[in-house]
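Below is one structure, written out as C-alpha coordinates; the observations come after it.
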Amino acid sequence: ARPPLAMLSILSQSVALNAPLRPTPVQRAVSPQMADISAYGDIWGIEAKEAVFNAWDPEKPRDYDNFNPFERNLDGAMSDMNGCFP
(Lines give C-alpha, C1' and ligand atoms only; values in the text may rest on other atoms or scores of the structure.)
Protein backbone atom coordinates (compact mmCIF):
# COMPACT_ATOMS: atom_id res chain seq x y z
CA ALA A 1 0.00 0.00 0.00
CA ARG A 2 3.03 2.24 0.30
CA PRO A 3 3.94 2.76 -3.41
CA PRO A 4 0.62 4.34 -4.51
CA LEU A 5 0.89 6.94 -1.73
CA ALA A 6 4.45 7.78 -2.71
CA MET A 7 3.44 8.16 -6.36
CA LEU A 8 0.52 10.38 -5.40
CA SER A 9 2.82 12.53 -3.30
CA ILE A 10 5.29 12.97 -6.16
CA LEU A 11 2.50 13.72 -8.61
CA SER A 12 0.91 16.37 -6.37
CA GLN A 13 4.28 18.06 -5.83
CA SER A 14 5.03 18.24 -9.56
CA VAL A 15 1.55 19.61 -10.32
CA ALA A 16 1.98 22.29 -7.65
CA LEU A 17 5.31 23.38 -9.15
CA ASN A 18 3.82 23.73 -12.64
CA ALA A 19 0.73 25.66 -11.55
CA PRO A 20 0.81 29.41 -12.23
CA LEU A 21 1.10 31.60 -9.18
CA ARG A 22 -1.52 34.07 -10.39
CA PRO A 23 -3.77 34.32 -13.40
CA THR A 24 -2.29 36.09 -16.38
CA PRO A 25 -3.92 39.45 -17.13
CA VAL A 26 -6.07 39.70 -20.24
CA GLN A 27 -5.28 42.57 -22.60
CA ARG A 28 -8.50 44.17 -23.78
CA ALA A 29 -8.72 45.68 -27.24
CA VAL A 30 -9.46 49.37 -27.44
CA SER A 31 -12.80 49.95 -29.10
CA PRO A 32 -12.69 52.19 -32.15
CA GLN A 33 -13.88 55.77 -31.92
CA MET A 34 -16.95 56.10 -34.11
CA ALA A 35 -17.97 59.18 -36.03
CA ASP A 36 -20.05 61.51 -33.87
CA ILE A 37 -23.54 61.40 -35.35
CA SER A 38 -25.37 62.55 -32.21
CA ALA A 39 -26.61 65.62 -34.09
CA TYR A 40 -28.58 63.23 -36.30
CA GLY A 41 -30.22 61.30 -33.46
CA ASP A 42 -27.44 58.66 -33.63
CA ILE A 43 -28.97 57.39 -36.87
CA TRP A 44 -26.57 56.48 -39.67
CA GLY A 45 -28.81 58.02 -42.31
CA ILE A 46 -28.15 60.09 -45.41
CA GLU A 47 -27.68 63.35 -43.43
CA ALA A 48 -25.03 61.79 -41.17
CA LYS A 49 -23.30 60.20 -44.16
CA GLU A 50 -23.24 63.53 -46.01
CA ALA A 51 -21.67 65.23 -42.96
CA VAL A 52 -18.95 62.55 -42.75
CA PHE A 53 -18.43 62.75 -46.52
CA ASN A 54 -18.02 66.56 -46.37
CA ALA A 55 -15.41 66.17 -43.60
CA TRP A 56 -13.54 63.47 -45.56
CA ASP A 57 -10.06 64.39 -46.83
CA PRO A 58 -9.01 61.91 -49.56
CA GLU A 59 -5.39 63.11 -49.28
CA LYS A 60 -5.09 61.83 -45.70
CA PRO A 61 -4.87 58.14 -44.76
CA ARG A 62 -8.17 56.31 -44.28
CA ASP A 63 -9.06 55.81 -40.60
CA TYR A 64 -12.08 55.82 -38.27
CA ASP A 65 -12.47 59.60 -38.61
CA ASN A 66 -11.50 60.02 -42.26
CA PHE A 67 -13.39 57.84 -44.72
CA ASN A 68 -15.89 58.01 -47.56
CA PRO A 69 -19.20 56.70 -46.17
CA PHE A 70 -20.48 56.01 -49.71
CA GLU A 71 -17.51 53.78 -50.60
CA ARG A 72 -18.27 50.10 -51.23
CA ASN A 73 -16.00 47.08 -50.93
CA LEU A 74 -15.56 44.41 -53.62
CA ASP A 75 -18.65 42.56 -52.33
CA GLY A 76 -20.78 45.70 -52.72
CA ALA A 77 -21.21 46.27 -48.97
CA MET A 78 -21.23 49.82 -47.58
CA SER A 79 -19.15 50.79 -44.58
CA ASP A 80 -20.63 51.36 -41.14
CA MET A 81 -20.21 54.52 -39.04
CA ASN A 82 -16.64 53.42 -38.19
CA GLY A 83 -15.67 53.16 -41.83
CA CYS A 84 -15.46 49.38 -41.40
CA PHE A 85 -17.01 46.90 -43.78
CA PRO A 86 -19.08 43.99 -42.50
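Residue numbers count from 1 along this sequence.
By the criterion of side-chain heavy atoms lying less than 4.5 angstrom apart, applied directly or through intervening Ile, Leu, Val, Met, Phe, Trp or Tyr residues, Met81 is not grouped with Trp56; the two fall into different hydrophobic clusters. In the hydrophobic clustering of ILVMFWY residues, with side-chain heavy atoms under 4.5 Å counting as a link, Met78 and Val52 come out apart.
Rounded to the nearest 0.5 Å, atoms OH (Tyr40) and NZ (Lys49) are 13.5 Å apart. In this structure, Asn82 CG and Tyr64 OH are separated by 6.5 Å, a value rounded to the nearest 0.5 Å.
Scored by the salt bridge (Lys or Arg N to Asp or Glu O under 4.0 Å) test, Arg72 finds no partners at all (sequence neighbours excluded).
Checking side-chain atoms of Asp57 against main-chain N and O of Glu59 turns up a donor-acceptor pair under 3.5 Å. Listed for the Asp63 side chain is a donor-acceptor partner under 3.5 Å among the backbone atoms of Asp65. A donor-acceptor contact shorter than 3.5 Å links the side chain of Asn66 to the backbone of Pro61. A donor-acceptor pair under 3.5 Å is formed between the side chain of Arg62 and the backbone N or O of Gly83.
The side-chain heavy atoms of Ser79 and Phe70, taken from C-beta on, include no pair separated by under 4.5 Å.
Among all heavy-atom pairs drawn from Asn73 and Phe85, the shortest one is N-CE2, 3.6 Å.
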